[in-house]
There are 2 protein chains.
Amino acid sequence: MTGEQTRRRGAALEADILDAVWEELAEVGYARLTMEGVAARAKTGKQVLYRRWPNRAELVKAALPHRTGFLADQLPDTGELRADVLAVLRLMVERQREIGPDVIRGLLAEAPDLDPKVFGIMHDILLTLLRRAVERGEIPTADLPRRVVTVPAQLLRYEMVISRDPVADALLVEIVDDVFLPLVTRRG
Amino acid sequence: MTGEQTRRRGAALEADILDAVWEELAEVGYARLTMEGVAARAKTGKQVLYRRWPNRAELVKAALPHRTGFLADQLPDTGELRADVLAVLRLMVERQREIGPDVIRGLLAEAPDLDPKVFGIMHDILLTLLRRAVERGEIPTADLPRRVVTVPAQLLRYEMVISRDPVADALLVEIVDDVFLPLVTRRG
DNA sequence: CCGAATAAGAGACGCACCGTCTCCAAAGGG
DNA sequence: CCCTTTGGAGACGGTGCGTCTCTTATTCGG
């Protein structure tokens with residue numbers, strides 16, 4: 001078929017555009033991603049993009065869930081708190097590796113809102129792991145200050161976003177063994 | 001004197017430029033700060049800027065220490081660990097209030113290096129406070145994992161940069177009372 | 001104290017991308 | 001099957017980048 005006659009519409013077109021965003025991110029990174037570049041790669045016009053998203057930040061925000069899964073859908077259950085938390089942190093690292101660190105930093109700078117739900121979700125996840133540990137008798141209580149519950153997620157995100165060192169697995173172990181477990185086990 | 005004949009040079013000119021950067025940051029923020037805007041405000045040419053700094057990020061990075069002091073020069077010494085740490089965290093909040101949150105996020109996105117020394121300094125500061133507390137007999141030891149020592153600084157920076165909520169003083173108290181003090185006091 | 005070297009001030013230049021607008025043709029619904 | 005909606009393509013004015021050029025003030029070496 002030399003003459004491709006079809007013209008995409010609606011959801012199918014949108015999916016192609018978001019694919020193009022991912023390819024563009026992989027190729028040039030967030031900083032040099034342009035609306036024109038995405039439009040060209042998706043073989044469409046800029047107007048089609050602007051009809052859906054008001055700017056680059058919104059476009060990229062829309063593209064992220066198009067390929068990444070939700071953390072909450074992959075809750076580990078190893079039978080041990082330490083391993084559970086480590087597994088969740090490893091999922092976070094994996095997810096950020098897919099997305100790329102400069103995308104997150106770029107969005108932090110450009111997107112005025114950056115959905116707080118994305119961050120709040122970690123509290124629920126960790127609380128679930130803690131409650132299971134209580135049931136198993138591993139720790140005395142899951143009734144901990146909110147800040148204690150989210151501590152491992154926040155420390156990891158600090159490393160991933162602010163400090164630019166690549167996140168070594170040993171660092172996750174430090175977070176869990178030196179900070180989190182001491183806080184949740186020694187309570188009376 | 002209607003006819004101002006003098007032409008600034010070297011350090012004096014540089015100081016005027018960095019002042020102009022601060023004024024520009026205050027007026028339009030980091031995102032809309034432009035080299036042309038800074039040059040115009042400083043009443044000089046763009047070439048003079050590019051002769052000194054290769055781009056916007058470097059220019060702003062150079063401007064920051066021009067007006068902010070160094071945290072290490074204002075070490076508190078209240079006689080109590082809790083108050084010392086709170087005082088340091090309050091200094092951090094104050095400093096970020098001067099600089100503006102969008103400047104930090106902008107630099108994180110655009111500056112490829114963001115001097116790690118800026119971050120490493122907090123470890124030294126907190127370690128000093130801990131050692132004093134040991135001398136006073138408040139805590140058993142200052143020989144703690146690096147991650148434990150820096151925990152309050154990292155949690156605060158997480159809030160300041162990633163979460164966009166304004167940093168309430170109550171949050172500093174949470175960090176210290178719920179996380180830091182439990183970690184450094186209960187040790188054998 | 002003078003002439004050469006250096007740097008400041010000013011702005012033109014080509015370029016890239018923004019966000020808007022225009023035009024035509026394809027799709028698809030009633 | 002016609003008519004409304006949407007897609008594809010690109011022109012447009014505007015803004016800021018980073019470079020370059022030109023004139024003029026300042027400084028420094030002799």
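Letters A, B, ... mirror the listed sequences (proteins, then strands); counts begin at 1. Quick note: numbers below take in every heavy atom, side chains included, and nothing from hydrogens, waters or symmetry partners.
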Asks: Do A:K61 and A:E110 meet the salt-bridge criterion of a basic N to acidic O distance under 4.0 Å?
Replies: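 Here A:E110 does not pair with A:K61 in a salt bridge, since their nearest N and O are not under 4.0 Å apart.
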
Asks: From the options A:R9, A:R52, A:R8, A:H66, select the one residue that forms a side chain to side chain contact (heavy atoms under 4.5 Å, CB included) with A:E14.
Replies: A:R52

Asks: Write down the distance between CZ (A:R56) and P (C:dG19), rounded to a whole number of angstrom.
Replies: 9 Å

Asks: Return whichever of A:E36 or A:R51 has its heavy-atom-nearest nucleotide of DNA chain D closer to the 5' end.
Replies: A:R51

Asks: Please tell me which of A:M35 and B:V48 maps to the more 5' nucleotide of DNA chain C, matching each residue to the nucleotide holding its nearest heavy atom.
Replies: B:V48

Asks: Does C:dG9 have its OP1 or OP2 closer than 4.0 Å to a side-chain nitrogen or oxygen of B:T44?
Replies: yes

Asks: Closest approach to the side chain of B:Q47, judged atom by atom: which nucleotide of D:dC20, C:dG9, C:dA27 is it?
Replies: D:dC20

Asks: Using atom CG of B:D16 as one end and atom P of C:dA8 as the other, report the distance to the nearest whole Å.
Replies: 12 Å

Asks: Roughly how many Å is it from CZ in A:R41 to P in D:dA9, rounded to a whole number?
Replies: 15 Å

Asks: Nearest to the side chain of B:R52, heavy atoms from C-beta on, is which of C:dA8, D:dG18, C:dA25?
Replies: C:dA8

Asks: Please report the distance, rounded to the nearest Å, between CD in B:E24 and C1' in D:dG16.
Replies: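 Going from CD in B:E24 over to C1' in D:dG16 covers 13 Å.
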
Asks: Nearest to the side chain of A:T34, heavy atoms from C-beta on, is which of D:dT26, D:dG18, C:dC17?
Replies: C:dC17

Asks: Starting at atom CG of A:L49, determine the distance to atom P of D:dG10, rounded to an integer number of angstrom.
Replies: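 Roughly 15 Å, once rounded to whole Å.
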
Asks: Indicate, with a heavy-atom threshold strictly under 4.0 Å, whether A:G10 touches base, sugar-phosphate, or nothing.
Replies: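 Sugar-phosphate, backbone atoms only, no base.
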
Asks: Just checking, B:R82 and B:F180: is the charged tip under 6.0 Å from the six-membered ring centre and within 45° of the axis?
Replies: no

Asks: B:L59 has an atom CG; how far is it from atom P of D:dG18, in whole Å?
Replies: 11 Å

Asks: Where the side chain of A:R7 is concerned, which of D:dC17, D:dA9, D:dT6 is the nearest nucleotide?
Replies: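 Taking heavy atoms from C-beta onward, the closest nucleotide is D:dT6.
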
Asks: Taking 4.0 angstrom as the limit, do B:E98 and B:R67 come out as a salt bridge?
Replies: no

Asks: Quick one: B:Y50 OH to C:dA10 C1', roughly how many Å, whole number?
Replies: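 So the OH-C1' distance, B:Y50 to C:dA10, works out to 15 Å.
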
Asks: Between the base of D:dG18 and the side chain of B:K46, is one N or O donor paired with an acceptor at under 3.5 angstrom?
Replies: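 For B:K46, whose side chain was compared with the base of D:dG18, there is a donor-acceptor pair (under 3.5 Å).
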
Asks: How would you label the contact of A:R8 with the nucleic acid (heavy atoms, under 4.0 Å): base, sugar-phosphate, or nothing?
Replies: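 Sugar-phosphate: the residue A:R8, judged by heavy atoms under 4.0 Å, touches backbone atoms but no base.
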
Asks: Whole angstrom is fine here: how far is it from CG in B:L33 over to C1' in D:dC17?
Replies: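 After rounding, the gap between these two atoms is 13 Å.
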
Asks: Is there a side chain to side chain contact (heavy atoms under 4.5 Å, CB included) between B:E174 and A:R146 once you walk through the steps?
Replies: CA-CA 9 Å; B:E174 275 181 46; A:R146 185 179 181 84; 5.5 Å; no

Asks: Which of the following nucleotides, C:dA8, D:dA9, C:dG9, is nearest to the side chain of B:R9?
Replies: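 Among the listed nucleotides, the one closest to the side chain of B:R9 is C:dA8.
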
Asks: By nearest heavy atom, map A:R32 and B:G45 onto DNA chain C; which one lands nearer the 5' end?
Replies: B:G45

